[in-house]
There are 2 protein chains.
Amino acid sequence: MATTTERAAGRPKGDSDARNRLINSALVLFGANSFAQVSTRELARHAEVDAAMIRYYFGSKLGLFESMVRETLAPVLASLKSIPAAAAPQDLASLMQTYYQVMAPNPALPRLIVRVLHEPEQSEQQRILLDVFSQIMDLSRQWLAQGLVKSGQLREGVNPELARLSLISLMVFPLIAPPVLIKQFGVDINPDILSDLVKHNVGVLQQGLLQPHAQEEQ
Amino acid sequence: MATTTERAAGRPKGDSDARNRLINSALVLFGANSFAQVSTRELARHAEVDAAMIRYYFGSKLGLFESMVRETLAPVLASLKSIPAAAAPQDLASLMQTYYQVMAPNPALPRLIVRVLHEPEQSEQQRILLDVFSQIMDLSRQWLAQGLVKSGQLREGVNPELARLSLISLMVFPLIAPPVLIKQFGVDINPDILSDLVKHNVGVLQQGLLQPHAQEEQ
DNA sequence: TCAATAATTCATCTATTGATGAATATTAGT
DNA sequence: ACTAATATTCATCAATAGATGAATTATTGA
């Protein structure tokens, strides 16, 4: 009783889509649990596929993980590369808008990223993720350097390092906060609220960090 | 070759402090890795103690986890209960100061909390943590309700829910951000920077969220 | 002094894990 | 039609996991 569907050994008729099913199950399960906690048998059960298919398509559990990371992160990376670096504070809103639009449709993705970033730093899983994700971080650093925190734009007395930290906190935390926290504090992050969140964040940052010269009243 | 020290079976002379060593190792290792990924043998090795001591003192791996959570979270909870709810915006700074002073001395603690909050919601580990931690969350909710986000104090047009989210983001994210992110973005959260962080956060929140009537220029 | 209790090591049991290879059935190319 | 490549199931292996009980030694209290 390896699979739910009772099927004899041998190649089935038609396409079964087993590979895609495994990739998708990997995204969901590795996003919801730690790498160690997700067993190959659980992955197979979730994908309604025999566990041996993992070896067949990906060589190993880690191989499945790697393919999943590459194939789900690649389109995100492509989208993010199309965002122009925000030179003026006015661009901040559109930058943030694009950022959330890319991240929000796939809630499992930010969770996966954060979970892996919390794994041991020398682990293979983190190495694999960073191989792709570091490009995304490079882009983010460019935004920070060329955009919001550029030399003359900060209110005087504001530490640029801490300004960067505030920006990251406001942008990232809502996407990665543990569900229990979100529930308890009654702030529900759904796709509908995202454009409000963008406006809100931009407001906080402009009023809270930037010099009060050329600011439209939203 | 179960332990590093070659010792014969039987009760050793004097006190060996094995129980405390295990509690401490549990805090460190469960804070750095997921529950599933930390093996009892690894815990024992880290504590320089035989693995069977876990059963002797705590009954099981989960029992060790539970004792560790209760005994490390209890004093924190006590400290936090002594913070008066901030009624006026001016109290915000002292509230945040106390919050960081309680959290910062033990960097493993915030990480442990966030890691467990990211575990499956029905898991025993999360049940155990929430049994204590929910009291801390209740306190936090009181601060939010009675303090910063109280009726008339917000700048007009600011959504109270999102204001709460901003506050939580700015306070919590710096403590729980994955080390890799912190490194990459060059913001290093050490105890020395904490009082700067408090001032900075208060500034951002006052300028960014609150009504501009009675605000001293920091 | 002696028995009970406390603290420790060690060998081992069972379950689960990731991995593996053989067997089997379908499809595609010639 | 035949053959090679493709896709799948299944039984099983070796390693590791948490748990367990017996054996051993120290401490304490009567």
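Proteins get letters first, then strands, A, B, ... in listed order; numbering begins at 1 in each. What you are looking at is a predicted structure, and each value in this text was computed from that prediction instead of being measured.
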What integer distance in Å separates [X]:[atom1] from [N]:[atom2]?
{"X": "A/Gln37", "N": "D/dT16", "atom1": "CD", "atom2": "C1'", "value": "16 Å"}
{"X": "A/Tyr57", "N": "D/dA5", "atom1": "OH", "atom2": "C1'", "value": "13 Å"}
{"X": "B/Glu42", "N": "D/dA17", "atom1": "CD", "atom2": "P", "value": "9 Å"}
{"X": "B/Asn20", "N": "C/dA7", "atom1": "CG", "atom2": "P", "value": "12 Å"}
{"X": "B/Leu29", "N": "D/dA17", "atom1": "CG", "atom2": "P", "value": "13 Å"}
{"X": "B/Leu43", "N": "D/dA19", "atom1": "CG", "atom2": "C1'", "value": "14 Å"}
{"X": "B/Met53", "N": "D/dA26", "atom1": "CE", "atom2": "C1'", "value": "13 Å"}
{"X": "B/Tyr56", "N": "D/dT25", "atom1": "OH", "atom2": "P", "value": "17 Å"}

Task: Donor-acceptor pair, side chain of B/His118 and main chain of B/Val114, under 3.5 angstrom - done: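 At least one qualifying donor-acceptor pair exists.
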
Side chains of [X] and [Y]: closer than 4.5 Å at any heavy-atom pair?
{"X": "B/Arg111", "Y": "B/Leu175", "value": "no"}
{"X": "B/Leu77", "Y": "B/Leu73", "value": "no"}
{"X": "B/Met53", "Y": "B/Phe58", "value": "no"}

Task: Nucleic acid contacts - residues 115-131 of chain B versus DNA chain D, non-hydrogen atoms under 4.0 Å - done: none

Open item on the list: Within the 4.0 Å limit for protein heavy atoms, which parts of nucleotides 15-22 of chain C are touched? Write it as a string from 5' to 3', B for base, S for sugar-phosphate only, - for none.
Closed with: --BBBBB-

Open item on the list: Restricting to non-hydrogen atoms, name the atom on B/Asp138 and the atom on B/Arg141 that form the minimum distance, rounded to 0.1 Å.
Closed with: OD1-NH2, 2.8 Å

Task: Geometric class of the B/Phe65/B/Phe30 ring pair [parallel <30°, tilted 30-60°, perpendicular >60°] - done: perpendicular

